[in-house]
K.L.:
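The structure under discussion is supplied below as structure tokens; questions concerning it will follow.
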Amino acid sequence: MLSKWWWRFKMDRGSLWKRVVWAIHNNSRSWSFIPAKLSLAGPWKQIKKLSDDFEAMGINLELMFKGYPGSEKQMLFWKERWLFDVPLCEKYPLIFQLETNKNALIRDRVIEGDAGRELFYSWVRLPTSVAETDELDSLSVAVMGFEFGLGADRWVWKLEDSGIFSVNSVRNKLQHNVFSDLRLEFEWNNWSPIKVNFLVWRLIQDKVPTTMALTRRNVVVTNSRCRMCDEEDESALHLFGSCRVADQIWEFISRWCRIRSIFILELSDLANIHKRNRGSERWKKAVSMVTQAAIWVIWRSRNDAVFNGKHPNVSRMKEEIKMLGYMWLKSRVKLENLAWVNWCNFDLYALGV
Ligand SMILES: [Zn+2]
């Protein structure tokens, strides 16, 4: 895996990958989860990291590229995406097994001769079974019908009609496509960090590893009780909704932000608290940021209780929520009059939100 990324980077097909990394890197404010400077000594580390980050967001970065081989035909015949949206080794696994050179280039297999296009396969043994010959027929028909470009091979960024990579297309993909695919009405809030958005997003899909969620996945859990209250089994809905600790947190949030009482009846409610209240878009965004901070703090305290045996301290959790919200506003929204006292009164008007 690693070597493939490194290879891609080095091969300079190349420049496109570099631009991905650089472009995202240069926007580090909105992409803070990409680590520091891209060191020229070891760019593959960052590329690896980048693909991991994307994968964590449910995006396969590699799928965003498609090859358009021209007359050079220097892409890997079996392993790169060009003929279909999947590489040929995945689409035709049986005959790929029979290939003698798994890294053959397109030009090794497809020759444009005087008599037209010819296919040169090289097999360990000839495809014989029905399944194998079916694959071979299907592959051959597709290759014979493919229109190669003129000139150099190209890589195309699939998220833009122009085929040219742009940071915006990545961000849009992350923020809209991925989330709206799930029809969960999850609104990305760029006032809180990506990892926090991600937690909430996973939470409303019930994908946060509470003890009940682990039990569902057949993980043996010795104690399924909620460690925050020790009264009920720990499901996500309990931990973030009905638990005594969560209840006090939501009570605090509704008083502090002067919003309606918060009732969590289903997990999606956790992402929609701000929508149940009237206010400007920016006011709602601030309330949503605060609720995200609350969810983040509840989850962190829960982990502290589970893994470090620390008893939850509700007043400290409240302080932490206030502090996190303040820090996020300060670093991510860049307000000029961000006085702590105004934040403690949730006086958004005075803060200039
Ligand atoms: Zn509880």
Side-chain angles (χ1 to χ4, degrees), residues 56 179 182 184-187 189 191-277 286-328 344 346:
F179 296 115
L182 293 154
L184 281 167
E185 289 182 62
F186 178 77
E187 272 172 23
N189 190 331
W191 289 3
S192 27
I194 285 177
K195 61 183 179 187
V196 176
N197 276 275
F198 190 54
L199 173 70
V200 179
W201 175 56
R202 296 216 312 172
L203 173 61
I204 59 179
Q205 300 168 76
D206 203 4
K207 284 191 176 162
V208 168
T210 56
T211 56
M212 292 315 281
L214 292 174
T215 310
R216 271 205 310 272
R217 279 189 253 151
N218 297 324
V219 176
V220 178
V221 178
T222 46
N223 179 0
S224 62
R225 278 294 166 96
C226 168
R227 305 295 172 82
M228 306 290 265
C229 65
D230 207 27
E231 286 164 8
E232 282 183 54
D233 281 345
E234 189 203 63
S235 65
L237 196 53
H238 166 79
L239 182 62
F240 293 92
S242 57
C243 179
R244 186 147 59 69
V245 173
D247 199 48
Q248 292 173 74
I249 296 295
W250 295 128
E251 156 85 34
F252 155 71
I253 301 278
S254 71
R255 245 184 310 115
W256 176 34
C257 301
R258 291 182 291 281
I259 57 177
R260 294 180 181 186
S261 296
I262 297 167
F263 298 106
I264 307 297
L265 302 177
E266 47 187 295
L267 290 175
S268 62
D269 291 340
L270 289 162
N272 293 326
I273 292 165
H274 59 289
K275 292 185 195 157
R276 308 255 147 77
N277 292 274
V287 173
S288 140
M289 181 192 74
V290 168
T291 58
Q292 290 202 348
I295 289 166
W296 181 251
V297 167
I298 291 173
W299 183 241
R300 269 210 323 214
S301 309
R302 176 268 183 196
N303 287 339
D304 233 17
V306 172
F307 301 114
N308 303 322
K310 283 197 187 157
H311 202 68
N313 178 331
V314 175
S315 2
R316 195 177 306 148
M317 289 169 73
K318 294 176 186 173
E319 283 309 307
E320 241 181 277
I321 293 166
K322 271 202 258 180
M323 184 58 88
L324 277 182
Y326 183 76
M327 276 165 29
W328 294 344
C344 289
F346 207 69

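For reference, positions follow the sequence shown, starting with 1. In listed order, ligands and their atoms are each counted from 1.
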K.L.:
For Arg316, is there an ion pair with Glu320 - N to carboxylate O distance below 4.0 angstrom?
P.N.:
no
K.L.:
Give me the one residue out of His311, Lys310, Met317 that meets side-chain contact (heavy atoms from CB on, under 4.5 Å) with Ser301.
P.N.:
Met317
K.L.:
For the Zn ion (ligand 1), state how many protein N, O or S atoms fall inside a distance shorter than 2.8 Å.
P.N.:
4
K.L.:
So Ile298 and Val245, side-chain contact (heavy atoms from CB on, under 4.5 Å) or not? Walk me through it.
P.N.:
CA-CA 8 Å; Ile298 291 173; Val245 173; 5.6 Å; no
K.L.:
For residues 234-246, which residue pairs qualify under salt bridge (charged side-chain N to carboxylate O under 4.0 Å, His left out), counting only residues two or more places apart or in two chains?
P.N.:
Glu231-Arg244, Glu234-Arg302
K.L.:
Kindly compute the distance separating CZ (Phe240) from CG (Leu203), expressed to the nearest 0.5 Å.
P.N.:
5.0 Å
K.L.:
Take the angle between the ring planes of Trp201 and Phe198 and call it parallel below 30°, perpendicular above 60°, tilted in between.
P.N.:
tilted
